[in-house]
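What follows is a set of notes on a single structure, which appears directly below.
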Amino acid sequence: MFRQFRTQVESALTDALSSLDAPTDDLGVEEPPEDVDAVLASSVAFRLAGEFGAAPPQVAAQLVDELDLDEHEYIDEATTQGPYVNFTATDAYLADTLDAAATDEEFGRLPDTGKSVVVEHTSANPTGPVHVGRARNPILGDAVARVLDYAGNDVERHYYVNDAGRQVAVFTWAYETFDESELPEPDRDRADYDLVRYYRKGNQFLEEADAADVEEAEAEIEAIMQGLEEGNEETYERVEVVVDQVLGGMRQSLARLPAVFDEFVKESRFMRNGDADDVVKRLKESEHAVYEEDAWQLDLTDWDIEKKMVFLRSDGTTLYTTRDLAHHEWKFANYDEAVTVLGEDHKLQAEQLNAALELLGNDTSQLRHAIYSYVNLPEGKMSTRAGTGVDLDDLLDESVARAREEVESRLDSRIRDDDLTEEDIERIARQVGIGAVRYDIVSKQPTKAITFEWDRALDFEAQSAPYVQYIHARCCGILAEAGVDIAEGGSLDVGTIDADLLDTPEERALVRTLARFPAVIEEAADDLEPHVVATYTRELAETFNAFYRECPVLTAEGEHRAARLALVAGARHAVANALDALGVEAPTSM
RNA sequence: GGGCACGUAGCUCAGUCUGGAUAGAGCGUCGGACUUCUAAUCCGACGGCCGUGGGUUCAAAUCCCAUCGUGCUCGCCA
């Protein structure tokens, strides 16, 4: 309802300003401070003061006189407070919000845009177990995909598999060359943990072995690269043995978050179907193409990129970026929009890609990047190759274990006599443990760097997932007590409810907070910033807790009880869906 | 050195894109609230030259310039 309210305020202001012959390009619409009883306000009077030859408060008063609010059902009145014009909401605004929130299990979901969006995220090289340094990508990426889905788009999630680069060639050579007896025990009994030992051994060999031995190894690696480039079927099969196994293991880690994909798009596909060659051919014809030092390159100075982009090596093989161009043209052909989630270390590459796509005649407004900063350890970077870093599996295991200790330590002091079963304890530990890790990462601005610290990542107190999950459990407790079936969506028919009954400040604040939820989804999707949803969940939780403290639900009388129950049902929908948009589970009990 | 990002309370962060009402949370510290719909909660206190310096503006944490600090980047790697 907030979105409609905002539209009505903008429309009313535009009309009033027009009739005063004032400019309407900047309406100065903003959210007032908390202690002001208005949903929105305008500071436009400041800007008009000079033109009108009057002080801002006088201009504000003049503007209010000119406002015609009859047409706008959600705006109650416009009043001045000094230079500000404050817009308060009608009971219909509260009633419609309550109705939508309480009855719609999908509350917060925006109308279909009719657009298909492909979200590519993670796309980590299939070289070993997913470590925490990489984990920001699937967590952010999955949340971006979920938020875009809530915003009404038809979303697909893709993992672009690097199965054609030098790293997998090294990996394949190492896997075929070294014997298991030379390797340490794997950390876990799973393919990615098993095979990464060969990858590390291979890299170590290339760094430390005698020059002659390294040269020999490089020749074999080169042969694999050439085989891939030439479309040699046997080479693909050799590489695939390694890639598919490792990827299978990585998928299991990612699924725990959960981050699942609709499609794993292999890079080799664009070598085999000739698309990469086609891109090379077209780039060579470009006026920006140069042939220097035996390699074909692009001069992108027209795009303010000083570094030349090599698209064909001197040995005639293509590069990752070349294939990625073909990959993106394929995306453009099949989806309305493409979103890629990338670490900041790939930023320059993304800019080059964008320029090259434009040069090839694509409409690059279809492509957006969500860039995030890395997660580092206090002692430095995490690296699969070097084997430094914390594995995502270890983090999740530890978090679930600590969550389980929490659940168990609280069992004795529980007031609610719902007798948690062993299954419940298991479920709560998993939901809270994984939710806490996920929430901790998704709640921060992507551009800010994160230093991973165990105790901070596993803090279950306020401003964490459990804090928000807890109010969901509280809602469920109240609704269950009142006989509302959560499994059936926990919706309530509020047809006869009088929103006037919700007259305490805490009730009204909660309804207003619910009203904003769809607008929060919209903002998060527009900016590809799911963290605003996390910020919202905290505000919602605080507002709900104030309501919970001041307004007894089950012991309230008659219609008042029904109205408050509807408010709880609405709050539950909002918090459940907001958490869902972040990819965090909402426990029915804790 | 060039480019990009980040710098807000002792610590971790919202707010910055789109300038506007006394700059908000949490953690920590101190004090208080469970015979009450779940205390993983709530209430109160303490805590801020919004890195620094200039500029634009009626108004700057927010925009511009400079500067310092930190991170990323500048491969025929990905």
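Just so it is clear: chains get the letters A, B, ... in the order the sequence lines come, proteins before strands, and each one is counted from 1. Everything numeric in this text was worked out from a predicted model, so none of it was measured.
A centroid separation of less than 6.0 Å is found between the aromatic rings of A/Phe46 and A/Tyr84.
For B/rA5, the paired nucleotide is B/rU70, the pair qualifying as Watson-Crick or G-U wobble because both relevant distances are below 3.5 Å. The nucleotide B/rC63 finds its pairing partner in B/rG55, both defining distances of the Watson-Crick or G-U wobble pair being shorter than 3.5 Å. When Watson-Crick and G-U wobble pairs are counted only if both distances are under 3.5 Å, B/rG28 pairs with no nucleotide at all. When both pairing distances are held under 3.5 Å, B/rA39 makes no Watson-Crick or G-U pair with any nucleotide shown. Pair assignment for B/rG47: none, as no Watson-Crick or G-U wobble contacts are both less than 3.5 Å.
Distance alone, capped at 3.5 Å, is enough to place a donor-acceptor pair between the A/Gln469 side chain and the A/Glu585 backbone.
Side-chain N/O atoms of A/Lys448 include none lying less than 4.0 angstrom from OP1 or OP2 on B/rU12. Side-chain N/O atoms of A/Arg474 include one lying less than 4.0 angstrom from OP1 or OP2 on B/rA39. Distances shorter than 4.0 Å separate none of the side-chain N or O atoms of A/Arg538 from OP1 or OP2 on B/rG24. In this structure, A/Arg414 does not reach the B/rC34 phosphate: none of its side-chain N or O atoms is under 4.0 Å from OP1 or OP2. The side chain of A/Lys308 contributes no N or O atom lying less than 4.0 Å from OP1 or OP2 of B/rC74. For A/Arg313, a side-chain nitrogen or oxygen approaches OP1 or OP2 of B/rA78 to under 4.0 Å. Between A/Tyr439 and B/rG26 there is no side-chain N or O to OP1 or OP2 distance below 4.0 Å. Here A/Arg549 reaches the OP1 or OP2 of B/rC43: one of its side-chain N or O atoms lies under 4.0 Å away.
Ring geometry for A/Phe547 against A/Phe544 counts as tilted: the plane angle lies between 30° and 60°, on a 0 to 90° scale. By the 30° and 60° cut-offs, the orientation of the rings of A/His288 relative to A/Trp303 is perpendicular.
Side-chain atoms of A/Tyr548 lie closest to B/rU38 of the nucleotides B/rU38, B/rU41, B/rC6. Nearest nucleotide to the side chain of A/Glu344, out of B/rU38, B/rU12, B/rG71: B/rG71. Side-chain proximity of A/Asn545 to the nucleotides B/rC42, B/rA14, B/rA40 is greatest for B/rC42. Proximity note for A/Gln445 (side chain, C-beta onward) versus B/rU16, B/rG26, B/rC11: the nearest is B/rU16. Side-chain atoms of A/Glu542 lie closest to B/rA25 of the nucleotides B/rU41, B/rC6, B/rA25.
With rounding to whole Å, A/Lys307 atom NZ is found 17 Å from B/rC4 atom P. Whole-Å rounding puts the A/Met309 CE to B/rC77 P distance at 13 Å. In this entry the distance linking CZ of A/Phe544 with P of B/rC42 reads 12 Å, nearest Å. A/Gln469 places its CD atom 17 Å from the C1' atom of B/rA39, with the value rounded to the nearest Å. The distance between atom CD of A/Glu34 and atom P of B/rA23, rounded to the nearest whole Å, is 14 Å.
For B/rU12 and B/rG47, the C1' atoms lie 15 Å apart once the distance is rounded to whole Å. Rounded to a whole angstrom, the distance from the C1' atom of B/rA40 to that of B/rC34 is 14 Å. Using C1' as the reference atom, B/rC6 and B/rG15 are 16 Å apart when rounded to the nearest Å. Straight-line distance between the P atoms of B/rU73 and B/rA78: roughly 16 Å, to the nearest whole Å.
Side-chain to base pairing of A/Glu406 with B/rA40: no donor and acceptor N or O lie closer than 3.5 Å to each other. Taking only distance into account, the side chain of A/Asn86 meets the base of B/rA21 through a donor-acceptor pair shorter than 3.5 Å. For A/Arg47 and B/rG20, a side-chain-to-base donor-acceptor distance below 3.5 Å is present, hydrogens and geometry of angles not being considered.
Along RNA chain B, the nucleotide closest to A/Gln349 and the one closest to A/Ala403 are compared, and the more 5′ of them pairs with A/Ala403. Between A/Pro552 and A/Arg410, it is A/Pro552 whose nearest contact on RNA chain B lies nearer the 5' terminus.
Taking a cutoff of 4.0 Å between a charged side-chain nitrogen and a carboxylate oxygen, A/Asp455 and A/Arg402 qualify as a salt bridge. With respect to A/Asp424 and A/Arg427, a salt bridge is recorded, a charged nitrogen being found less than 4.0 Å from a carboxylate O. A salt bridge is absent between A/Glu229 and A/Arg323: the closest approach of a Lys/Arg side-chain nitrogen to an acidic carboxylate oxygen does not fall below 4.0 angstrom. Ion pair A/Arg6/A/Glu522 flagged as a salt bridge, since at least one NZ, NE, NH1 or NH2 atom sits closer than 4.0 Å to an Asp/Glu carboxylate oxygen.
B/rG20 has its base stacked against the ring of A/Phe46, the centroids being under 5.5 angstrom apart at an interplanar angle below 30°. Remark: ring of A/Tyr84 does not overlap the six-membered base ring of B/rG20 in a stacked fashion, as centroids less than 5.5 Å apart with planes less than 30° apart are not both met.
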